[in-house]
Amino acid sequence: MAPVADPVSSLEVHASAGAARSDVLMVSSDSEEEAMIPLAVRLKQKQLGLGTAAINAEETRASNVVSNGCSRLLEVPSYHINPEAQPIERNKICSNITRQCSSNNNAPYLSKEPPPENGTYLAKCKKTPAEVEAARQETLRKRAMREHQQEEKERLRMEKKALADAVKALRPEECIKHMVVTVDPGLLQLEGGGALLTSLHAMGCSCAIEKQSLPRSVTWARHSPCPQTGEMMSIPDSNTVIQVPVDDFVTMINNYSKRQCNGVLMESGISLTTWIQGHMSRNPSRTLSLVVIDIDKYFRSQNSKCQKKYREAVLGEEKNVGLQGAQKKRRKKDDINQLPEVSRVQVEEALVDLQLQTGVQVRFLSTWKDFTDYITMSTKAVAEAPFKREREKTGFTFCLESEWAGGQKVDRTGNGLLQVWKRQIQQLNRVSPDMASAILSAYPSPRLLAQAYARCKSDHEKVGLLADILIRRGEGVASTTRRVGPELSKRLFLLMMSCDAHQPLDSAV
Amino acid sequence: RAHISESDATGKSQTLESGRTATSWHLPPGSYDIVLCVDVIETTGGSSGRKQELVKELQRNCVTFDIRKLNVGDFLWVAREKVTPVPGQLRPPVGKELVLDYIIERKRMDDLCGSIIDGRFREQKFRLKRCGLRKPIYLVEECGSAAAHLSLPESTLQQAIVNTQVVDGFFVKRVQDVKESAAYLTIMTRYLQKLYHNCTLFCRSRELEGDGGDESEQTANLSCSLMAFTEFNYGAIKNKCQTVREVFARQLMQISGVSGDKAAAVLEHYSTVSSLLQAYDQCSSESEKEKLLSSIKYGKLKRNLGPALSRTIYQLYCTRGPLS
DNA sequence: TGGTAATACACACATT
DNA sequence: AAGGCC
DNA sequence: GAATGTGTGTCTTGCCT
């Protein structure tokens with residue numbers, strides 16, 4: 001039997017020794033949360049109080065109407081808001097509604113513009129009871145309509161707020177405050193546990209201490225309001241960091257080396273890879289990474305014990321398989337000295353095995369402060385990950401495609417637009433500044449180029465419109481001139497005139 | 001001794017389609033060698049002796065490697081078909097080569113520092129993600145080494161390293177110096193040689209690469225469907241075919257204030273230059289043209305593009321005389 | 001109701 | 001604080 | 001985003017009687 005504790009058994013020891021206590025420490029976001037929950041609850045109540053499908057249909061229709069009204073005021077075509085919306089103005093809809101209401105309760109010909117003679121009649125005689133009643137109902141309807149509009153406006157505002165807050169929660173600055181770091185109690189009873197919590201707290205995120213399915217591990221969760229219910233819910237992150245004691249680590253390295261030496265048939269205990277594979281098969285969705293703290297302490301000990309074997313192992317000229325043969329010093333007194341003897345090369349070999357078999361990586365840290373810093377940085381990385389991923393998904397690739405010049409500054413009068421136009425031409429592949437300048441001098445604005453294309457009689461003429469423009473390179477006598485050429489001419493024609501957005505510019509074949 | 005051959009895949013003068021046809025060929029077990037490939041820039045240039053130190057170390061470890069011009073990454077491994085010289089021909093036939101899924105970007109701390117500042121860092125990570133190789137590795141050198149007073153704080157650098165691990169999902173290997181880098185490459189090479197000792201390899205095309213998580217596929221870590229090296233190295237050069245839509249987006253972003261989200265929002269309504277010009281032509285008044293784009297929503301959710309940008313774009317595309 | 005002023009708040013862009 | 005103003 | 005700081009413009013709010 002191996003004289004060293006198995007990692008699994010050590011897990012059980014730590015878990016039983018540690019008091020499994022769940023504690024959540026709110027740092028600076030508690031006031032915000034208390035303010036946010038009632039907000040979301042109100043939204044939920046309104047959604048439940050009114051219908052679901054019918055109300056949603058009403059609200060989308062109403063929003064379209066409002067948007068059309070706004071866009072009319074801004075003199076903007078309505079299809080910017082909704083491409084399928086017809087150019088119906090809001091005041092027409094409203095007047096139609098009021099007209100319908102009036103005709104239902106009054107004589108049809110009284111609806112809008114009473115004739116002059118009827119006007120005098122109506123002015124002389126007081127309103128009939130029916131008219132009074134009609135007026136009352138009209139007022140009631142107006143009030144009801146206003147209330148409905150108010151409520152819908154309010155609901156729309158709240159929804160917008162909720163979405164805006166959801167985006168805010170992902171911003172690099174604030175996202176960290178919505179993170180809750182769950183730490184295994186086995187980590188805290190080790191030295192530096194308090195410092196970990198202190199640093200996490202200082203960073204502005206919440207901490208929870210509860211027993212993890214993985215020993216001495218730390219996981220992350222995002223504390224955010226659910227868009228549907230408004231309740232706060234925790235969204236767990238797949239990342240997990242496990243701190244592996246040097247004893248267990250060295251033992252598993254040794255087990256791997258034994259397996260490599262003796263052949264695959266020999267069962268020689270848990271190796272790093274098999275240990276991780278066991279955990280990963282138990283819950284496949286986790287992304288693990290390992291931390292080993294102060295492994296140099298082990299190597300220092302080994303080095304002082306037998307320097308000769310260490311050097312041989314580093315030089316790697318002989319297959320130095322360090323079994324646990326050289327364990328002669330005092331046992332229970334110093335745990336390190338009764339560990340098996342492994343070399344740094346053996347560690348690296350086992351690490352490569354772990355990497356290629358599981359993709360899990362191991363971080364070696366020298367102090368517990370480094371561990372705290374590592375967890376701190378990992379927390380920031382995990383917190384900001386969703387934000388960055390979403391940006392990569394929506395944005396264009398060429399935004400950060402190495403040599404990318406920022407937008408050309410242009411003032412209110414339009415100064416700078418010529419440079420913009422030149423740079424626009426250069427966005428096509430294989431267009432040098434000289435080529436762009438040549439085209440620029442012939443057609444100093446997009447409109448002029450488009451007009452030139454429109455004046456062409458044939459498509460063949462359009463394709464070759466720019467082909468014979470001269471490019472002058474250099475200055476004075478040494479300057480050489482070339483043509484733009486038919487290839488670039490065709491590409492620019494396609495770019496300017498094609499109606500197919502996915503039209504390839506680089507001609508095939 | 002190590003076998004060094006200068007097989008130069010001339011990076012630019014290739015034919016448009018690299019010679020691999022759709023014939024799905026394969027490499028039976030034992031018909032190929034696993035060979036480490038080192039980018040030529042890692043062996044030559046700048047610091048005279050430092051680069052050769054890695055080569056020397058690999059040679060001492062008896063690692064067979066090949067020095068090539070890699071268009072992405074610094075190290076990778078190929079499965080090189082064993083070729084037997086044909087009688088009557090001086091040159092043996094060219095062996096087929098498949099590139100393994102692992103690719104290493106080696107980064108010294110000072111390199112990393114400069115890369116972060118000028119933006120190369122993000123670009124390199126992006127290129128590694130989409131290079132077709134599914135197991136990118138960042139080999140970070142000079143980790144705990146002398147507090148190199150670089151132009152960036154050390155905490156910043158380490159945060160960047162953690163980010164590439166956690167956010168980008170790269171495997172990050174930290175080493176102290178060049179010697180440890182060589183040791184890592186040596187161990188990796190030997191392990192891969194052992195891993196692929198009895199595998200039949202198939203040729204995959206660059207297409208159909210649902211490059212999901214790298215570590216997520218822990219069970220099928222032995223990928224036998226690989227790309228031909230020529231196709232990989234050619235595809236790594238960035239001469240992608242542009243479309244009207246793409247170039248239009250880039251053009252929009254040439255004006256200050258137009259970002260990716262803004263351009264994308266405009267493209268939602270007018271995906272070509274032509275359609276935008278048509279829309280301007282259909283406007284009845286000049287003020288209508290000015291505000292044609294002002295109420296377009298962009299980005300996170302429904303933020304107006306605004307009248308200012310709308311006016312600028314209007315000036316750009318509607319000015320009938322020369323621009324200034 | 002609409003319309004503005006004043007602020008807050010983002011975002012695009014520029015630096016150690 | 002609600003209502004009518006233009 | 002490395003991290004932080006700076007200026008453009010929208011967007012939110014409150015106000016008016």
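A, B, ... follow the sequence lines: proteins, then strands. Residue 1 opens every chain.
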Side chains of Gln426(A) and Pro433(A): does their closest heavy-atom pair fall under 4.5 Å? yes
Taking the side chain as everything from C-beta on, heavy atoms only, tell me whether Ile375(A) gets closer than 4.5 Å to Phe371(A). yes
According to a 3.5 Å limit on both distances, what stems of 3 or more consecutive Watson-Crick or G-U pairs are formed with DNA chain E? C:8-11 with E:7-10
With sequence neighbours excluded, give me every salt bridge (Lys or Arg N to Asp or Glu O under 4.0 Å) pair touching residues 140-155 of chain B. Arg106(B)-Glu141(B), Arg108(B)-Glu142(B)
In whole angstroms, the gap separating C1' of dA10(C) from CZ of Arg391(A) amounts to 11 Å
Pairs where residues 382-392 of chain A contributes a residue and the test salt bridge (Lys or Arg N to Asp or Glu O under 4.0 Å) is met, not counting sequence neighbours: Glu384(A)-Lys388(A), Glu392(A)-Lys129(B)
Roughly how many Å apart are dT17(E) and dA2(D), using the C1' atom of each and rounding to a whole number? 12 Å
Rounded to whole Å, how long is the line connecting atom CZ of Phe121(B) with atom P of dG1(E)? 9 Å
Once you apply a heavy-atom cut-off of 4.0 Å, does Glu392(A) come out as touching a base, just sugar-phosphate, or nothing? base
Are Asp373(A) and Lys369(A) close enough for a salt bridge, meaning some N to O gap below 4.0 Å? yes
Find the distance Leu157(B):CG to dG1(E):P and express it as a whole number of Å. 12 Å
Paired stems touching DNA chain D, three or more consecutive Watson-Crick or G-U pairs with both distances under 3.5 Å? none
Atom-to-atom span, CG of Leu112(B) to P of dA2(E) - whole angstrom: 9 Å
Just call it for Phe387(A): base, sugar-phosphate, or nothing, with non-hydrogen atoms closer than 4.0 Å on any strand. base
Please report the interatomic distance CG(Leu276(B)) to NE2(His269(B)), rounded to the nearest 0.5 Å. 11.5 Å
Check the distance between dA3(E)'s C1' and Lys380(A)'s NZ and give it to me in whole angstrom. 9 Å
For the pair made of CG in Leu170(A) and C1' in dG1(E), what is the distance, rounded to whole Å? 15 Å
Identify the pairs formed between an N or O of the protein and an N or O of nucleotides 13-16 of chain C at a distance under 3.5 Å, and give each distance.
{"from": "dC13(C)", "atom 1": "OP1", "to": "Gly257(B)", "atom 2": "N", "distance (Å)": "2.9"}

Need one value for Lys125(B): base, sugar-phosphate or nothing, where a base atom within 4.0 Å counts as base even if backbone is also close, heavy atoms only. nothing
Do Cys283(B) and Leu292(B) touch side chain to side chain, with heavy atoms closer than 4.5 Å? yes
Where Met232(A) and His223(A) come nearest, the two heavy atoms and their spacing: CB-NE2, 3.9 Å
Is it the case that over 12 heavy atoms from other parts of the model lie below 6.0 angstrom from the NZ atom of Lys240(B)? yes
Could you tell me whether Lys409(A) contacts a base, only the sugar-phosphate backbone, or nothing, with contacts defined as non-hydrogen atoms closer than 4.0 Å? nothing
C1' gap between dG3(D) and dA6(C), integer Å: 27 Å
Gln361(A) side-chain N/O to Val172(B) backbone N/O, donor-acceptor pair under 3.5 Å: yes
Rounded to whole angstrom, note down the C1' distance from dC5(D) over to dC11(E). 27 Å
Over 60° means perpendicular and under 30° means parallel, so tell me whether Tyr317(B) and Tyr280(B) are parallel, tilted or perpendicular. parallel
Using a cut-off of under 3.5 Å, enumerate the N/O to N/O pairs linking the protein to nucleotides 7-12 of chain E.
{"from": "dC11(E)", "atom 1": "OP1", "to": "Asn304(B)", "atom 2": "N", "distance (Å)": "2.8"}
{"from": "dC11(E)", "atom 1": "OP2", "to": "Asn304(B)", "atom 2": "ND2", "distance (Å)": "3.4"}
{"from": "dT12(E)", "atom 1": "OP1", "to": "Lys160(A)", "atom 2": "NZ", "distance (Å)": "3.4"}
{"from": "dT12(E)", "atom 1": "OP2", "to": "Lys160(A)", "atom 2": "NZ", "distance (Å)": "3.4"}

Of the non-hydrogen atoms in Ala383(A) and Cys175(A), which two are nearest, and what is the gap between them? O-SG, 3.5 Å
Is it true that Trp421(A) and Ser445(A) share a donor-acceptor pair across their side chains at a distance under 3.5 Å? no
When the distance from CG of Asp261(B) to P of dC11(C) is rounded to whole Å, what number comes out? 8 Å
State, to 0.1 Å, how close Ala263(B) and Met253(B) come at their nearest heavy-atom pair, and which atoms those are. CB-CG, 3.9 Å
Evaluate Glu174(A) against Lys177(A) for salt bridge (charged side-chain N to carboxylate O under 4.0 Å, His left out), listing each step before the verdict. CA-CA 6 Å; Glu174(A) 191 156 348; Lys177(A) 300 176 181 177; 5.9 Å; no
What's the CD-P distance between Glu174(A) and dG1(E), to the nearest Å? 17 Å
Roughly how far apart, to the nearest Å, are dG1(E) and dA14(C) at atom P? 22 Å
In whole Å, what separates the P atom of dA1(D) from that of dT7(C)? 24 Å
